[in-house]
Amino acid sequence: MGQILSRAIAAAVALGFAAGSAAAQTDYPQRAITLIVPFAAGGPTDVVARIAGDHMTRTLGQPVIIENMVGAGGTTASTRAARATPDGYTIEMGHMGTHAASVALYPNLAYKPDVDFAPIGLVAGTPVLIVAKKDFPPKDLKEFVTFVKANVAALNMAHAGVGSVSFTTCLLLNSILGVKPASIPFNGTGPALTALISGQVDYMCDQIVNLVQQVQGGQIKAYAIGTAERSPALPDVPTSREAGLPEFQAQAWNALFAPKDTPQPILDKLSDALDKALDDEQTRKRLLELGSVLPDKAGRGQQALAALVKSEIARWTPIIKAAGPTD
Ligand code: ASP
C-alpha cells in the first residue's frame with residue numbers, strides 16, 4: 001500500500017514538474033531577456049543587436065537587454081552563451097567570426113557553433129569593406145595593394161581580436177597580398193574605428209554597418225567592398241572585382257543563437273519575434289541605411305541559420321588554414 005502510494009506521489013510530482021515546465025514555456029517570457037553581444041558597445045554587432053532587440057522587445061512584451069562581454073575575438077562571450085541555462089533568458093548575437101571562422105582559428109575552442117547552439121535566425125548580411133585612415137596615401141585599391149606591399153613593415157592593421165570578422169577578412173586580404181603587417185587588437189571594431197579615424201592605425205576590414213557614416217563624411221577612406229554587387233548604402237565604393245582584387249570576397253552576417261536544449265516553443269517565440277522585427281518597416285529602414293542585406297523569408301529562421309553556420313565553417317576553414325599561422 002505504502003509503495004503504491006509513494007509511486008502515485010512520485011508520478012504526481014513528475015506530472016506537476018512536466019506541467020510546470022510546459023507552463024514556463026507557454027508563459028515565456030516572464031522577465032527580461034539578456035542578449036549577449038560579444039564585442040564592445042557601438043560596433044556593428046552591438047548596433048545590429050540593439051536595432052533587432054528594440055523591436056523584439058515589443059513583440060515579446062519583455063525587455064531585451066544588451067550585455068556587452070568582450071575578449072578573445074568574441075569567443076569568450078560565445079563560450080558563456082553556449083553554457084548559459086537553456087531557458088530563453090540568455091541568447092547571443094553571434095556572427096561569421098564567432099560562429100564559423102573561430103573553429104579554424106582556435107583549435108581548442110570551448111564550443112562547437114553547429115552543435116552547442118540552437119539557431120534562432122539570421123538578422124542581417126553585412127558586406128565587408130577595406131577601409132583606411134583618411135590620409136592613407138593610396139587613391140584606389142590598386143595603389144593600396146602596391147603601397148601596402150612596399151611599406152608593410154611600417155604599417156598596422158586594426159581588428160577586433162583573433163576570431164573576429166575584421167581579423168578573419170583582413171587575414172584573407174593580407175594572405176592575397178602576401179603581407180603580414182603589425183596587427184592591433186581592439187575589443188570590437190567600434191573602438192578600432194575610433195583609432196582609425198584618429199589615424200592611430202592604418203587600415204582594417206570591417207562590416208559595413210560600422211562604416212557608412214564615416215565613409216560618407218570623409219573621416220575614413222573606403223577602397224572596396226568584398227561582395228559581388230555594390231551596396232546601395234555606399235554606391236560610390238567599388239566592388240573588389242571592379243577595383244582589381246576579385247579574390248577578396250568577404251561578406252559577414254549577424255545572427256541570433258540560444259544555448260542548445262532551449263525548448264522548441266521558446267525558440268519558436270524568439271524566431272517569430274525576430275521575423276516580425278525583420279518585417280517591420282522602421283526596423284528594416286534602420287538596418288538598410290547601415291548597408292545591411294536583409295534575409296528574405298527563405299533565408300530566415302532556425303533551419304536556414306543552421307545550414308548557414310555549417311556552410312560558413314566549411315568556407316572559412318580552408319581559407320584560414322591556407323593563410324598559415326596567425327600569430
Ligand atoms: N565587426 C567586429 C568584428 O570584427 C565586431 C564588432 O565590434 O561588432 O568581428
Quiz item: Atom OG in Ser271, atom NZ in Lys276: separation rounded to 0.5 Å?
Solution: 11.0 Å
Practice problem: Take Tyr203 and Lys221, measure what side chain to side chain contact (heavy atoms under 4.5 Å, CB included) needs, and give me the verdict at the end. | Solution: CA-CA 9 Å; Tyr203 71 97; Lys221 268 185 183 170; over 6 Å; no
Self-check item: Value rounded to 0.5 Å, distance of CD1 in Ile184 from CG in Leu196
Solution: 12.0 Å
Quiz item: When you look at Ile208 and Ile225, which way does the side chain to side chain contact (heavy atoms under 4.5 Å, CB included) test go after all the steps?
Solution: CA-CA 9 Å; Ile208 190 167; Ile225 186 165; 4.2 Å; yes
Quiz item: Which heavy-atom pair separates Lys142 from Ala243 by the least distance, and what is that distance?
Solution: CG-O, 3.7 Å
Quiz item: With distance as the sole criterion, is a donor-acceptor pair present between the side chains of Gln207 and Thr189 under 3.5 Å?
Solution: no
Quiz prompt | Closest non-hydrogen atom pair, Gly161 against Phe167 | solution = O-CB, 3.2 Å
Quiz item: Once you round to the nearest 0.5 Å, how far does CD1 of Ile91 lie from CG of Leu270?
Solution: 5.0 Å
Exercise. Sequence neighbours left out, what passes salt bridge (charged side-chain N to carboxylate O under 4.0 Å, His left out) with Glu289? Give chain and number order.
Key: Lys285
Exercise. Please say which of Leu122, Thr59, Val123 ends up in a side chain to side chain contact (heavy atoms under 4.5 Å, CB included) with Leu274.
Key: Val123
Quiz prompt | Shortest non-hydrogen separation from Pro44 to Asn210 and the atoms involved | solution = CD-CG, 3.5 Å
Practice problem: Before giving the answer on side chain to side chain contact (heavy atoms under 4.5 Å, CB included), spell out for Leu234 and Leu129 the whole-Å C-alpha distance, their side-chain angles and the decisive distance to 0.1 Å. | Solution: CA-CA 10 Å; Leu234 283 174; Leu129 277 77; 3.8 Å; yes
Quiz item: Where do Thr169 and Met96 come nearest, in terms of heavy atoms and distance?
Solution: CG2-CE, 4.4 Å
Quiz item: Charged N to carboxylate O under 4.0 angstrom, Arg286 versus Asp280?
Solution: no
Quiz item: Would you call Met56 and Leu35 a side-chain contact if the rule is heavy atoms closer than 4.5 Å?
Solution: no
Self-check item: Gap between atom CG of Leu177 and atom CZ of Phe144 - 0.5 Å precision
Solution: 6.5 Å
Exercise. Could you verify whether a donor N or O on one side chain and an acceptor N or O on the other, from His159 and Ser183, lie under 3.5 Å apart?
Key: yes
Self-check item: Minimum-distance pair of heavy atoms, taken over all atoms of Ala100 and Glu312
Solution: CB-CB, 3.6 Å
Self-check item: By salt bridge (charged side-chain N to carboxylate O under 4.0 Å, His left out) - contacts of Lys260 (at least two apart)
Solution: Asp116
Quiz item: Between Ile220 and Ile197, does a side chain to side chain contact (heavy atoms under 4.5 Å, CB included) hold up when you go through it step by step?
Solution: CA-CA 6 Å; Ile220 56 170; Ile197 291 170; 3.9 Å; yes
Quiz item: Between the side chain of Asn174 and the main-chain N/O of Val179, is any donor-acceptor distance below 3.5 Å?
Solution: no
Quiz item: Using a distance-only test with no angle check, is there a side-chain donor-acceptor pair under 3.5 angstrom linking Thr34 and Glu67?
Solution: no
Practice problem: Search all heavy atoms of Ala132 against all heavy atoms of Tyr223 and return the closest pair with its distance. | Solution: CB-CE1, 3.5 Å
Quiz item: Do the charged groups of Lys269 and Asp27 touch, with an N to O distance under 4.0 Å?
Solution: no
Exercise. Would you mind listing every ring pair (Phe, Tyr, Trp, His ring centres under 6.0 Å) that reaches into residues 302-321, with sequence neighbours excluded?
Key: none
Practice problem: State whether a side-chain donor-acceptor pair under 3.5 Å links Asp268 with Gln302. | Solution: yes
Practice problem: Taking only Lys NZ, Arg NE, NH1 and NH2, and the carboxylate oxygens of Asp or Glu, determine whether Asp46 and Arg50 approach each other closer than 4.0 Å. | Solution: yes
